[in-house]
Amino acid sequence: MNDGEERIFDGEHHNQQNSSDDDVNNSVTLSSCAESDGMGKFRNTCINKHAQIFVNPTQFYVSAVTCEMCGTKGTTETFFSRSKRFCSVSCSRSYSSNSKKSSIIARLQVGMSGKVFIPTFIRTVTKFLCVYVLREGHPLGTTLAGFDWGNYLEKSGLLAAPVSCFRHVPLCAQWDDIYVRLKVEVLNTHTALPSKVYWIATVVQLAGYMALLRYEGFEDDDSHDLWCNLGTADVHPIGWCAVNSKLLVPPQEVHQHIKDWKSYLMERLVGAHTLPVDFHVKMADCLRCPFRQAVRVEVVDRSQVSRTRLAVVDTVVGGRLRLLYEDGGLGPSGEVLSDFWCHMQSPLLHPVGWSERVGHSIKETDTSVNMSSHPAFRKVLQNSVPDQFKKLRTVYMGDKFFEEGMKLEAIDPLNLGNICVASVRKVLLDGYIMVGIDGVEIGDGSDWFCYHANSHAILPVGYCENNNIPLTLPPGYDHATFIWTKYLEETGTVAAPRRLFNTDDVGHGFTSGMKLEAVDLMEPRLVCVATVRRCVGRLLLLHFDGWEPEFDQWVDGQSPEIYPVGWCEITGYQLQPPIGPGKIIAVFIVFIYAVQNLVVTCCILLSCRERESDFLSVKAKPNS
């Protein structure tokens, strides 16, 4: 370690205002070593004879204050207004607005010759449920405000799929450089200081993008370990604080137990590894998307899966696209009536002109539907091009390709937990085929589904039997007596050759029990907490935590609709927590509060009507 690395010892003592002159006189100043490395001085940062890290109190100490509106802690220098009561202009205005509302309601209630009547049972039930949630530890806050992956992982076994399993997510290729025992600089949450300070921590466990960190100084004590998302802004490589003039401050619980912090950290950091310097820059680069609002695409029609439909990109979140059908329509308040979510690498998404090129059915856009009032349609629409889409493996179509009538096994597009007896109904161009589920087809082809020859969703005859997977049979057939050879003879058909299918295990790295975040493909706007239930070749059977097994779905191990733990937090996408008692109770509490507020509003309105009637009757008396 070179001299410049001593810059990491920039810090501040928690009781800095009580430091004595002797401490300063006997301290070791680190400014010189920092200056020699060309990074600038650290404003009188010192380590005293008691190995306590602090700075000049007259230079940095400011009084702590708390926002009266949102509870945010800060300093008088950063708070808004002369009174320093609020952290921002919005909090100040919100506080004022809330005060006015409370005053108006109070005046109205006084004018009702008594207080507003709120049914006793509502008050009682609400109070009981709140006490029950707090006492039993149900995740009310988690359900309504966010999901605590760290707490959930500790309860479920700490097994999560590594980032390297997901080839379409940020930093997948570089994730081998992230491992246990890495050193990082992370936000110090164990300090009484009003401003942000940092401390050095060690990665002791990895779960997707999440890392379990232990502050330096706690040694084998895991009581203060914290889960942190490595993709967030408050985790940095060693040396970041020095370069950016941030303070390194040890946690209050340990800073007095180490006699010589400088020697201790030097010993712990020599030979250690940290995050790549450009870690967050690469993360941001990987999140860039070639799609933007107002780009036109072709995507499967969710109301009739056998055809595609023109749509326009409305929103892009972490590579996931919200698509608005061009003739989907708008509601009375301007809300979109028909949309579709998918990843930009989804096999359901195609460039404009794809359907015509391969011979796929596409719905003609209803030009009488006006979407111009929606922001996505106010811009000049631009057609997407093939270069924006993931390229599929080339398929050579000839005499030995799929033929109409061939039998196979296929994942049911309308029930993704079932693998069914199916038939090739039509052969398109570029390696695409239309598949129908035997025995349940409508007859007009509206329930056929388009699969590419490389798709995970089409399987050779006998695949389910060979891999102990239940096969969904046509009506009238029984599992005890069903035999593929006999079925082929009865229907006068042949099985599609095995060589046409891509069922090879691609070495995806998933194992049963791994946690991840996965799209519910039956409701693709939702990304849910999920578990890998089975791995069969390239197929994964996903279970959505908290739901019944009948909602499980088969997906490809390379599907762009599955993500590592922590992906939603990085991209800002909303993660759906598992359904459980806590969520049910939370929803019921929200309902009770809504009923309570409705009762209050109705009482106020009735009171106003009564007062208005009294006023009109009094006004009418002199005329009579």
Side-chain angles (χ1 to χ4, degrees), residues 167-169 286-328 336 338-367 369 371-372 374-397 401-402 413 426-435 445 448-458 502 519 521 524-525 555-556 558-561:
R167 300 184 181 181
H168 59 285
V169 302
C286 291
L287 288 172
R288 292 180 180 176
C289 178
F291 292 91
R292 59 176 178 80
Q293 191 180 59
V295 171
R296 301 173 76 230
V297 297
E298 292 181 9
V299 68
V300 66
D301 184 351
R302 63 182 304 167
S303 63
Q304 185 175 321
V305 295
S306 63
R307 66 186 183 187
T308 56
R309 197 169 170 183
L310 284 171
V312 173
V313 176
D314 174 47
T315 307
V316 182
V317 183
R320 301 207 76 228
L321 312 178
R322 186 196 185 204
L323 306 171
L324 309 182
Y325 293 118
E326 287 194 352
D327 55 358
V336 175
S338 186
D339 64 351
F340 188 79
W341 279 90
C342 68
H343 193 271
M344 62 181 179
Q345 296 182 15
S346 171
L348 305 178
L349 190 68
H350 309 282
V352 173
W354 173 86
S355 296
E356 181 180 0
R357 189 179 76 248
V358 304
H360 194 283
S361 174
I362 183 170
K363 179 182 181 295
E364 184 177 354
T365 301
D366 184 356
T367 56
V369 178
M371 300 283 288
S372 60
H374 191 279
F377 291 87
R378 292 174 188 167
K379 298 182 179 180
V380 177
L381 302 183
Q382 179 181 352
N383 288 346
S384 55
V385 295
D387 289 343
Q388 294 176 281
F389 298 82
K390 180 181 179 181
K391 290 182 173 59
L392 298 176
R393 191 171 72 178
T394 302
V395 174
Y396 296 97
M397 301 175 62
F401 193 62
F402 288 100
K426 186 179 180 182
V427 179
L428 309 179
L429 299 179
D430 291 353
Y432 289 95
I433 59 176
M434 299 298 293
V435 175
W448 296 353
F449 199 76
C450 182
Y451 288 119
H452 191 268
N454 285 328
S455 173
H456 71 286
I458 54 174
N502 183 13
V519 174
L521 294 173
R525 65 185 177 85
V555 301
D556 187 7
Q558 295 182 349
S559 169
E561 304 288 15

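It should be emphasised that the depicted structure is a prediction, and the values quoted were computed from it without experimental measurement. All values below come from the heavy atoms of this structure, side chains included, with hydrogens, waters and symmetry mates left out.
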(request) Drop me the distance from Ser372's OG to His374's NE2, to the nearest 0.5 angstrom. (result)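 Answer for the OG-NE2 pair, Ser372 versus His374, is 11.5 Å.
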(request) Heavy atoms only: give me the nearest Leu521-Val555 pair and the separation to one decimal. (result)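 Heavy atoms of Leu521 and Val555 come nearest at CD1-CG1, 3.9 Å.
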(request) Just jot down the side-chain contact (heavy atoms from CB on, under 4.5 Å) partners of Pro560, sequence neighbours excluded, or say none. (result)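 Expected list: His168, His343, Gln345.
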(message) Measuring from atom OG of Ser455 to atom CG of Leu392, what distance do you get when rounded to the nearest 0.5 angstrom?
(response)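 Ser455 OG to Leu392 CG: 9.5 Å, rounded to 0.5 Å.
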(message) For the CG atom of Leu323 and the CG atom of Leu310, what is their distance to the nearest 0.5 Å?
(response)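 Taking CG in Leu323 and CG in Leu310, the distance rounds to 11.5 Å.
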(request) Give the C-alpha distance, both sets of side-chain angles, the deciding distance and a yes or no for side chain to side chain contact (heavy atoms under 4.5 Å, CB included) between Leu348 and Phe340. (result) CA-CA 11 Å; Leu348 305 178; Phe340 188 79; 3.8 Å; yes
Just distance, no hydrogens or angles: give the donor-acceptor pairs under 3.5 Å from side chains in residues 292-299, sequence neighbours left out.
from	atom 1	to	atom 2	distance (Å)
Arg292	NH2	Gln382	OE1	2.3
Gln293	OE1	Lys379	NZ	3.1
Gln293	NE2	Asp314	O	3.2
Gln293	NE2	Asp314	OD1	3.3
Arg296	NE	Glu326	OE2	2.6
Arg296	NH1	Asn383	OD1	2.6
Arg296	NH2	Glu326	OE1	3.4
Arg296	NH2	Glu326	OE2	3.2
Glu298	OE1	Ser355	N	3.0
Glu298	OE1	Ser355	OG	2.7
Glu298	OE2	Gly353	N	2.7

(request) Could you tell me whether Asp339 and Arg525 have a side-chain N and a carboxylate O separated by less than 4.0 Å? (result)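 Salt bridge between Asp339 and Arg525, a charged N being under 4.0 Å from a carboxylate O: no.
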(request) May I ask you to test the Ser384-Val352 pair for a side-chain heavy-atom distance under 4.5 Å? (result)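 Side chain of Ser384 against side chain of Val352, heavy atoms only: contact under 4.5 Å found.
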(request) With rounding to the nearest 0.5 Å, note down the distance linking CE in Met371 to CG in Leu324. (result)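 Separation between the atoms: 5.5 Å.
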(request) Calculate, to the nearest 0.5 Å, the distance between atoms NE2 and NE2 belonging to His350 and His360 respectively. (result)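 Answer rounded to 0.5 Å: 6.5 Å.
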(message) A quick test of your reading: do over 12 heavy atoms of other residues, nucleotides or ligands sit less than 6.0 Å from NZ of Lys426?
(response)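 Atom NZ in Lys426 is not packed in, count stays at 12 or less.
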(request) Decide whether a cation-pi geometry holds between Arg309 and Tyr325; the criteria are a distance under 6.0 Å from NZ or CZ to the six-membered ring centre and an angle within 45° of the ring axis. (result)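 That pair qualifies as a cation-pi contact.
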(request) Measure across Leu428 and Gly359 and return the closest heavy-atom pair with its distance rounded to 0.1 Å. (result)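 It is CD2-O, 3.5 Å.
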(request) Please identify each residue that fulfils salt bridge (Lys or Arg N to Asp or Glu O under 4.0 Å) with Glu561, with sequence neighbours left out. (result)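 Once residues adjacent in sequence are excluded, the partners of Glu561 under the salt bridge (Lys or Arg N to Asp or Glu O under 4.0 Å) criterion are Arg320.
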(request) Output the distance between atom NE2 (His452) and atom CD1 (Ile458), rounded to the nearest 0.5 Å. (result)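 Rounded to the nearest 0.5 Å, the NE2-CD1 separation comes out at 9.0 Å.
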(request) Flag the pair Cys289 / Met344 as yes when at least one side-chain heavy-atom distance between them is below 4.5 Å, and no otherwise. (result)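 When only atoms from C-beta onward are counted, Met344 and Cys289 do touch, with a gap below 4.5 Å.
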(request) Output, in order, the C-alpha distance, side-chain angles, deciding distance and verdict of side chain to side chain contact (heavy atoms under 4.5 Å, CB included) for Phe402 and Tyr451. (result) CA-CA 12 Å; Phe402 288 100; Tyr451 288 119; over 6 Å; no
(request) Might you point out which heavy atoms bring Ser361 and Ser306 nearest each other, and give the distance in Å? (result)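 That would be CB-O, 4.0 Å.
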